[in-house]
Amino acid sequence: MGSLRRSHTCGAVSTADVGSEVIVVGWVQRRRDHGGVIFIDLRDHQGLVQVVFRPEESAESHERAGEIRSEYVILARGIVQRRTPDTVNPKMATGEIEVVAQEVRLLNRATPPPFPMEDNPDVDESTRMRYRIHDLRRAPLQRNLRIRHELYQAARRILCGRDFLEIETPMLAKSTPEGARDFLVPSRLQPGEFYALPQSPQLMKQLLMVAGFDRYFQIVRCFRDEDQRADRQLEFTQIDLEMSFVGVEDVLDVLEELTVGVFAEVIGVEIQRPFARISYADAMARFGSDRPDTRIQLELVDLSEAFRESGFRAFRAVVDAGGIVKCLPIHDAQELGRGAVDRLEKFVKKELGAKGLAWIRVGEDGSWQSPIVKFFSDAERAAITQQTDARPGSLLFFQADQADRANGVLSRLRTDLGRQLGRVDDRPWDVLFVVDFPVFQREEDGGLTYVHQPFVAPVEEDIPLLATEPEKVRGTHYDVVVNGVELGSGSLRNHSSDVQRRILEVMGYSKEEAESRFGFLFNALDAGAPPHGGFAFGLDRWVMVLANVDNLRDVIAFPKTQRGQDLLMDAPTVVEPEQLEELQLRLAPPSKRGG
RNA sequence: GGGGCGGUAGUUCAAUUGGUUAGAGCACCGGCCUGUCACGCCGGAAGUUGCGGGUUCGAGUCCCGUCCGCCCCGCCA
C-alpha cells in the first residue's frame, strides 16, 4: 500500500465526492476489459464501486489493470466522476458515479474463485463449506454476520441497562444432566478422567445466584453431541440470563423488553407488548406443536372422544391404548387433488413414521369420499362434521396414534400445507410466550422424566401434588416462540433443596444417586439460595429469524457439516500417538463390521 | 440407527435401450475490442463420471459394497 490509505469504503463513494480524489481498496468483483477502457467493480465489506481505467488518464494504470483478475486485492486512487446519464447503472447503489483511476496498486493476487461472489451463486453446500472464505465474502453472509454482531451488542446494551452482570463460566466443566450426549475432554493432569464441555451453564448460573450476583448474563458457547439439523449444530451460542428474587412475571417482563429492544435495534421492527400467551396444552391441542406459528390459519381437532366407543377398530384400538385420534381439516381444498394426497401419504409414512394418512374429502354435493368412512356410524359422522366444520370442498386428514406422533405428523402437515395453500395471515412477526408446561412427562417405559430439565420449579400451589399426582404438577417453564421458531426457554428454579430432592425422587433417582450427582447443588441451595429464575435464548436461531434464513450454517462463520466436520480446516482429525500417550488413552479397535 | 434426495471439467448441468473420442453454459488461459456493468467477438485448455468390486464384447448408465453433502425421523430443547 505504501503510504496510501483508504479514504472511502467502496459503497460510501457518492455524488457528494464528485470532483475530489478518493482512495478505495478491496477485492475485484469483476473486470470488464474493452481493450481501450477497462472497468473494475471493486468490492469491500460494505459495497461496490466502479473504477475506470483509461489509457489517456494513466497509461500505466491502464496497463496494470489489464493484468488484474477476479478477487485480486487492489488499491485504486482516482477522481470521482459523475457518470453520463446513459451510463448510470440504476442497479448499483453507487451507480451514478465512478472512480477514474490515476493510480492502481496490486496488493495481492488471488487464485480464481471456485464460484462467483454473487448473492445467489447456486453452489453445492459442500463446495461452499470447503471454500468457506469465498462463501463468506458474499454479501448475504456478510450481512447475516453483521446482524449477529448487532444482536450481541443490543443484548449487551439492554441487559446491562437492566443491571445484569456479564460473567463467564468454565468451558472445561462437568457433565450436567441436560439429557444430551456430552463432549468429553480428557484430562492430562488427572489421567483417566474427563471434563465435559457445557451443554449450557445452567447449574453454574444458579450457583452465581446463590453467590449473590443478583442478575447474571452471558453470551456463551454450548456443546451437545447429538445428530444435527438445519437448526441444530454441535456447538451453538446462547444468550443466557438469570435473576434473583423474581417470579415468572418479572422474568417475562425482561424477556419482552429484550426481545422488543433487539428487534427494534437490529432490524428496526416494532414488536407489540405484551406478547400473546398460549398454554402448552392449548398449543398442542390446536397446533400439535409447542412452538406454533399462529399465522398459519389451520388448526387441529381432537376427535378421540368421538371414537372412544367406535366400531372402527383402527381408531378404537388407538384410543383404548391411550392414544388420540386427531384431524387436520382444510376447507376449500379443491386444489389438493388425489395425486397430492397420495404424495402426502407416502411422505408422512416414509419420512415421519406415520402408520398411514386417513382422509375424507367432502364433495360439492356434500358426499364423503374416503377410504375409511364406510366404517363410521352416523353419530361419528355427525361428530366429525360438527367438530371440524366439514363442508363441501373440505379435506380432512386424520392421525390415530400416540399423542406425540399424531401431533407431530399433523403439525408438519399443518405448516407445510398452510404455507403451500397460502393460509397465512399477513403479520410478518408472530411472537408468543408458551407457558404452563407440565414438570414431568411419561416415558415409554412408564417412568416419569422431566419435560425440559430437572431444575424447573413447580408452580407453588402444585408442590403438594408431587407426592400424589406428579403428572399434574405444573411447571414455571416458559418459551419464547417467534414465527414458529423456539428462540429460547427458561423457568424459575428450585431454590429449596427439599423440593429439588423430591423432584429427583419422582424421576426415579435413589437418595444415594441424587446425592452423588447433585450433592454439590443441594449444598449450594442449602447455603442460602434466593428464589431465582432465568432464560436462555438460542442466539444462532435468533439471528436466523432476524436475517430471515432457514439454515444455521448461514449465520455461523465456520459451521460444521451434518456429520460434524469442518470441511475448511478438516476437523476432526486423528492425533499423534504421543498425544494419546500423554493422556493415557488407547483407541479401541473399530466396533463396526467386526473391526 | 432409519427414510428421502443428490455426487459427471474449477462450477452449474447434459449424455436416448448399456454402444463412436463423455458434451454445454459460466469460470479459467490466449487474442481482438474506448462506455461496459452477467460487456462482446474469436480461439484454447480443462474429466480417476465420489471410491472399490461385479455383470457384459462394451458401464457415467445395470448389480453389490462403501464414502461424502443436504433434508427429515429417532436423538436433541
Side-chain angles (χ1 to χ4, degrees), chain A residues 29-42 48-57 62 66 69-71 81 83-92 94-95 98 100 111-118 120-131 134 178-182 199-200 202 222-234 236 238 290-291 343 346-354 404-405 408-409 412 416 434 437 444 450-453 456 477 479-481 485-491 536-538 541 550-551 553 560-563 565 567 592-593:
Chain A
Q29 177 85 359
R30 192 166 264 121
R31 181 186 62 131
R32 291 177 295 279
D33 186 343
H34 289 238
V37 62
I38 296 173
F39 302 97
I40 280 177
D41 292 336
L42 192 64
L48 276 177
V49 69
Q50 175 166 282
V51 183
V52 191
F53 296 85
R54 280 196 283 252
E56 61 270 27
E57 293 284 344
H62 178 264
R69 296 293 180 267
S70 289
E71 298 306 308
Q81 177 179 291
R83 297 199 199 180
T84 60
D86 57 313
T87 60
V88 163
N89 183 352
K91 285 185 280 185
M92 229 174 151
T94 59
E98 61 198 359
V100 183
T111 48
F115 49 86
M117 303 298 99
E118 293 164 356
N120 299 299
D122 184 27
V123 185
D124 189 70
E125 280 275 342
S126 60
T127 306
R128 286 179 52 194
M129 286 211 271
R130 202 166 25 174
Y131 301 100
H134 292 92
E178 254 78 18
R181 199 174 290 116
D182 282 317
Q199 296 184 24
S200 80
Q202 178 62 38
C222 304
F223 305 85
R224 293 179 190 173
D225 188 5
E226 296 291 346
D227 287 357
Q228 309 193 74
R229 291 287 187 281
D231 62 351
R232 273 167 31 194
Q233 283 264 315
L234 296 178
F236 60 99
Q238 287 186 346
D290 62 357
R291 48 177 180 89
R343 280 193 295 278
K346 200 171 290 179
F347 167 73
V348 299
K349 281 167 79 173
K350 281 210 146 164
E351 297 207 34
L352 303 183
D404 52 352
R405 186 173 312 158
V409 170
R412 176 67 181 268
D416 286 2
V434 182
F437 286 84
E444 299 236 336
Y450 52 84
V451 173
H452 291 95
Q453 34 103 331
V456 174
H477 187 95
D479 280 357
V480 171
V481 174
V485 176
E486 184 199 310
L487 283 194
S489 56
S491 73
F537 283 96
R541 283 188 189 168
D550 54 16
N551 199 297
R553 290 185 301 273
K560 292 183 174 48
T561 69
Q562 195 157 52
R563 292 176 55 80
Q565 288 184 298
L567 295 183
K592 270 195 235 169
R593 302 182 301 277

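Chain naming here is simple, since letters A, B, ... match the order of the sequence lines and numbering starts at 1 in each.
- For A:A180, whose side chain is taken as the heavy atoms from C-beta onward, the closest listed nucleotide among B:C68, B:G1, B:C76 is B:C76.
- One interatomic measurement links the two molecules: CZ of A:R541 to P of B:A77, which rounds to 11 Å at whole-angstrom precision.
- No donor-acceptor distance shorter than 3.5 angstrom exists from the side chain of A:D479 to the backbone of A:V481, with no hydrogens or angles considered.
- If you check B:C75, B:C76, B:C72 against the side chain of A:L352, the one that comes closest is B:C72.
- Searching all strands for a Watson-Crick or G-U wobble partner of B:A59 with both distances below 3.5 Å returns nothing.
- When each of B:A77, B:C73, B:G69 is scored by its nearest atom to the side-chain atoms of A:E125, the top-ranked nucleotide is B:G69.
- Here B:A77 presents its P atom at 16 Å from CZ of A:F223, a figure rounded to the nearest Å.
- No side-chain heavy atom of A:P112 sits less than 4.5 Å from a side-chain heavy atom of A:R69.
- Note: CD (A:Q81) to C1' (B:U36) measures 14 Å, nearest angstrom.
- Across the P atoms, B:C29 and B:A45 are found 16 Å apart, a figure rounded to whole Å.
- A:F223 places none of its side-chain heavy atoms less than 4.5 Å from the side chain of A:L234.
- Other residues, nucleotides and ligands contribute at most 12 non-hydrogen atoms within 6.0 Å of the CG atom of A:D550.
- Scanning for side-chain contact (heavy atoms from CB on, under 4.5 Å) contacts around A:T561 gives A:M129, A:R563, A:Q565, A:L567, with sequence neighbours left out.
- Considering only side-chain atoms of A:E98, the nucleotide from B:U36, B:C71, B:C76 that sits closest is B:U36.
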Distances for protein N or O near nucleotides 9-11 of chain B N or O, under 3.5 Å:
from  : atom 1 : to     : atom 2 : distance (Å)
B:U11 : O4'    : A:P114 : O      : 3.3

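- Atom pair A:L234:CG and B:C75:P shows a separation of 18 Å (rounding to whole Å applied).
- Taking a 6.0 Å sphere around CZ of A:R291, one finds it holds 12 or fewer heavy atoms contributed by other residues, nucleotides or ligands.
- Scored by the side chain to side chain donor-acceptor pair (under 3.5 Å) test, A:R32 finds A:D41, A:Q50 as partners (sequence neighbours excluded).
- The side chain of A:S70 approaches B:C28 more closely than any other nucleotide in the set B:C76, B:C28, B:C68.
- Listed for the A:R31 side chain is no donor-acceptor partner under 3.5 Å among the backbone atoms of A:I38.
- Among the atoms of the strands shown, only primed sugar atoms or phosphate atoms (P, OP1, OP2) are found under 4.0 Å from some heavy atom of A:R563.
- Looking at which nucleotide of RNA chain B each of A:Q238 and A:N551 is closest to, the 5′-most match is held by A:N551.
- Comparing B:U56 with B:G19, their C1' atoms sit 12 Å apart, to the nearest whole Å.
- Summarising the base pairing, B:C32 is matched to B:G40 through a Watson-Crick or G-U wobble pair whose two defining distances lie under 3.5 Å.
- With rounding to whole Å, A:F347 atom CZ is found 14 Å from B:C71 atom P.
- Under the rule for a ring pair (Phe, Tyr, Trp, His ring centres under 6.0 Å), the partners of A:F39 that lie at least two apart in sequence or sit in another chain are A:H34.
- As rounded to whole Å, 9 Å separates atom C1' of B:G74 from atom CG of A:D227.
- Looking only at side-chain heavy atoms (C-beta outward), A:V456 and A:Y450 stay at 4.5 Å or farther from each other.
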Taking only N/O atoms, report every protein-nucleotides 3-5 of chain B pair under 3.5 Å with atom names and distance.
from : atom 1 : to     : atom 2 : distance (Å)
B:G3 : O2'    : A:K350 : O      : 3.4
B:G3 : N2     : A:E351 : OE1    : 3.2

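- Side-chain proximity of A:E56 to B:U34, B:G69, B:C75: nearest is B:U34.
- Of the candidates B:A77, B:G30, B:C72, the closest approach to any side-chain atom of A:R69 belongs to B:G30.
- Between A:V123 and A:Y131, every side-chain heavy-atom pair lies at or beyond the 4.5 Å cut-off.
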Q: Could you check A:E57 against A:H62 for side chain to side chain contact (heavy atoms under 4.5 Å, CB included), going step by step and ending with a plain yes or no?
A: CA-CA 8 Å; A:E57 293 284 344; A:H62 178 264; over 6 Å; no
Close N or O pairs between protein and nucleotides 37-41 of chain B (under 3.5 Å):
from  : atom 1 : to    : atom 2 : distance (Å)
B:C37 : O4'    : A:R32 : NE     : 3.0
B:C37 : O2     : A:Q50 : OE1    : 3.3
B:C37 : O2     : A:N89 : ND2    : 3.1
B:C37 : N3     : A:R83 : NH1    : 2.7
B:C37 : N4     : A:R83 : NH1    : 3.3
B:C37 : N4     : A:T87 : O      : 2.3
B:A38 : OP1    : A:K91 : NZ     : 3.4
B:A38 : OP2    : A:K91 : NZ     : 3.3
B:C39 : OP1    : A:R30 : NE     : 3.3
B:C39 : OP2    : A:R30 : NE     : 3.3
B:C39 : OP2    : A:R32 : NH1    : 3.3
B:C39 : N4     : A:D33 : O      : 2.4

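- If you check the side chains of A:Q81 and A:E98, you find a donor sitting under 3.5 Å from an acceptor.
- Judged by Watson-Crick or G-U wobble contacts below 3.5 Å, the nucleotide B:G6 has B:C68 as its partner.
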